[in-house]
Asks: 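My structure is below; once you've seen it, I'll send some questions.
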Amino acid sequence: MESSAAETSAAGTLAAESAAAGPAAAGIESDAGRTTPASVGTASYGSASYGSASCGAASFGSASFGSAASFGSAGSESRDSSRFGKPTGERAGRGRSRRSGRHGPRELGEDEARNVDMCQEAALTLLDAAARSTGAMEERLARKGYAPDTIATVIANLTRVGLLNDESYAEDAVRYCLTRCMGRRGTVAELVRKGVDRHLADRVTREAEEQGLFVDSAYRLGRQVAGRTEGLDRAVRLRRFWSAGGRKGHSPADLRAVVDDGVFDEPDA
């Protein structure tokens, strides 16, 4: 996949900052051309495309869902502020770097810089395969045996240049869950499972709920189940719908609204 200009710029910035810290600089430029953290999509919530999407057709985290530009500063600045608040490219990185001083990254020793370089290479390889949240990245790097301080430095570097952005990741994950006809409860659980902070997961799903997107998702699920169960007894059809809605994490109120609206009523002869 051809890397976007925003991604190349982000990786280049990361390399330049690493050069001031020690021998860790060389590793970033070699990956600048292949780092493609993916997003699920760039369409805003509530667009017509979600009404026609096939539930479960997408594969979360694969490179096919969007360009790497959405994880750089340019993608964050272009986000619709009326739906998601102010641009989050800079805000998302605040307070995460425990290894950087007020005036920039501290100077690293040779051994420490080499470890940071190796850890950074591993992180970029992970992002090349799929977009990840900060929590998921920390977990994967820890499983690879890197020290907490080394991981903290790498996470701060990637966040600073926009290659890690939990808010953008969470919003994209909500869009993906909507294509799978999921409800708010199921979406929150999916985000937390993917390493998104619970408070952030609650906030972005609440914004989607306020726009009525999970109600729309419940109706799409209802129409799908109604189509698959056409000709069966009404009680069987309703039981399958309620079962599917529970697995998808929909609220009983949303499911009841679908039934009361006649989605499962037999057409007039």
Asks: I need the minimum non-hydrogen distance between C119 and L141, along with the two atoms involved.
Replies: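 Shortest heavy-atom separation between C119 and L141 comes out as SG-CD1, 3.8 Å.
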Asks: In terms of hydrophobic clustering (I, L, V, M, F, W, Y; side-chain heavy atoms under 4.5 Å; direct or indirect links), are M118 and L126 co-clustered?
Replies: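 Cluster IDs for M118 and L126 match.
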Asks: Mind checking the OG1-CG spacing from T187 to D202? Nearest 0.5 Å is all I need.
Replies: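 Between T187 OG1 and D202 CG, I get 11.5 Å after rounding to 0.5 Å.
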Asks: Are R203 and E167 ion-paired here, with the side-chain N under 4.0 Å from a carboxylate O?
Replies: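 The answer is yes: the pair qualifies as a salt bridge.
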Asks: Quick one: pull up OG1 in T205 and CG in L200 and give me the separation to the nearest 0.5 Å.
Replies: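 So the gap between those two atoms works out to 9.0 Å.
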Asks: Output every pair passing ring pair (Phe, Tyr, Trp, His ring centres under 6.0 Å) with a member in residues 225-249, not counting sequence neighbours, ordered by first then second residue.
Replies: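 Listed once each, the pairs are F241-F264.
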Asks: Once rounded to the nearest 0.5 Å, what's the spacing between atom CG of L158 and atom CG of L124?
Replies: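 So the gap between those two atoms works out to 6.0 Å.
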Asks: Measure the CD-CD1 distance between Q120 and I155 for me, rounded to the nearest 0.5 Å.
Replies: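 One finds 10.0 Å between CD of Q120 and CD1 of I155.
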Asks: Check D117 with R114, please: is the shortest side-chain N to carboxylate O separation under 4.0 Å?
Replies: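 Answer for the salt bridge query: no.
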Asks: What is the minimum heavy-atom distance between N115 and T150, and which atoms define it?
Replies: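 Residues N115 and T150, closest heavy atoms: O-CG2, 3.7 Å.
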Asks: Judged by atom type as modelled, is there a donor-acceptor pair below 3.5 Å linking the side chain of K248 to the main-chain atoms of R180?
Replies: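 Confirmed, K248 side chain pairs with R180 backbone.
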Asks: Checking T159 side chain against A156 main chain: does a donor-acceptor pair fall under 3.5 Å?
Replies: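 A pair under 3.5 Å: no.
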Asks: Charged N to carboxylate O under 4.0 angstrom, D216 versus R220?
Replies: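 Salt bridge absent between D216 and R220.
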Asks: Quick one: does D197's side chain have a donor or acceptor within less than 3.5 Å of a partner on H199's backbone?
Replies: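 Present.
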Asks: Taking R237 for its side chain and T229 for its backbone only, find out whether a donor-acceptor pair lies under 3.5 Å.
Replies: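 Yes; at least one donor-acceptor contact below 3.5 Å.
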Asks: Testing the basics here: between Y219 and A257, what is the closest heavy-atom pair and its distance to 0.1 Å?
Replies: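 In terms of heavy atoms, the two residues are closest at OH-O, 3.4 Å.
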Asks: Would you call E209 and R206 a salt bridge, taking side-chain N to carboxylate O under 4.0 Å as the test?
Replies: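 Judged by the 4.0 Å cut-off on N to carboxylate O distance, E209 and R206 do not form a salt bridge.
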Asks: Quick one, T153 and D149 - any side-chain contact, counting heavy atoms below 4.5 Å?
Replies: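 The answer is no, as the side chains (C-beta and beyond) never meet within the 4.5 Å cut-off.
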Asks: Could you pull out the closest heavy-atom pair between L127 and R132, with the gap in Å?
Replies: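 Minimum heavy-atom contact is CD2-N, 4.1 Å.
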Asks: Are the side chain of S217 and the backbone N or O of M182 linked by a donor-acceptor pair below 3.5 Å?
Replies: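 Present.
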Asks: Hey, does V236 have a side-chain heavy atom less than 4.5 Å from the side chain of R239?
Replies: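 The answer is yes, as the side chains (C-beta and beyond) meet within the 4.5 Å cut-off.
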Asks: Ignoring hydrogens and geometry beyond distance, is a side-chain donor-acceptor pair present between S243 and R247 at under 3.5 Å?
Replies: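 A pair is found: one side chain offers a donor N or O, the other an acceptor, under 3.5 Å apart.
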Asks: Determine whether L213 and R184 make a side-chain contact, defined as any pair of heavy atoms from C-beta on separated by less than 4.5 Å.
Replies: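 With C-beta onward as the side chain, the pair stays apart.
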Asks: Is any side-chain heavy atom of V154 less than 4.5 Å from a side-chain heavy atom of M137?
Replies: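 Not touching, per the 4.5 Å side-chain cut-off.
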Asks: Do V204 and V196 touch side chain to side chain, with heavy atoms closer than 4.5 Å?
Replies: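 When only atoms from C-beta onward are counted, V196 and V204 do not touch, as no gap falls below 4.5 Å.
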Asks: Heavy-atom distance under 4.5 Å between the side chains of Y146 and V116, does that happen here?
Replies: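 The answer is no, as the side chains (C-beta and beyond) never meet within the 4.5 Å cut-off.
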Asks: Applying a strict under-4.5 Å side-chain criterion to I, L, V, M, F, W and Y, I'd like to know whether V225 and L238 cluster together.
Replies: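 Same cluster: V225 reaches L238 through Ile, Leu, Val, Met, Phe, Trp or Tyr contacts under 4.5 Å.
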Asks: Distance-only, no hydrogens or angles: does the H250 side chain make a donor-acceptor pair with backbone N or O of A244 under 3.5 Å?
Replies: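 Not a single qualifying donor-acceptor pair exists.
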Asks: For the atom pair CG (D166) and CG (L191), what is the distance rounded to the nearest 0.5 Å?
Replies: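 Between atom CG of D166 and atom CG of L191 there are 10.0 Å.
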Asks: Could you tell me which non-hydrogen atom of V259 sits nearest to which non-hydrogen atom of R234, and how far apart they are?
Replies: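 What the structure gives for the nearest pair is CG1-NH2, 4.1 Å.
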Asks: Do R140 and R143 have side chains that approach each other closer than 4.5 Å (heavy atoms only, starting at C-beta)?
Replies: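 Side chain of R140 against side chain of R143, heavy atoms only: contact under 4.5 Å found.
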Asks: On a heavy-atom basis, which atom in A218 and which in D254 lie closest, and how many Å separate them?
Replies: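 Where A218 meets D254 most closely, the heavy atoms are CB-CB, 4.1 Å.
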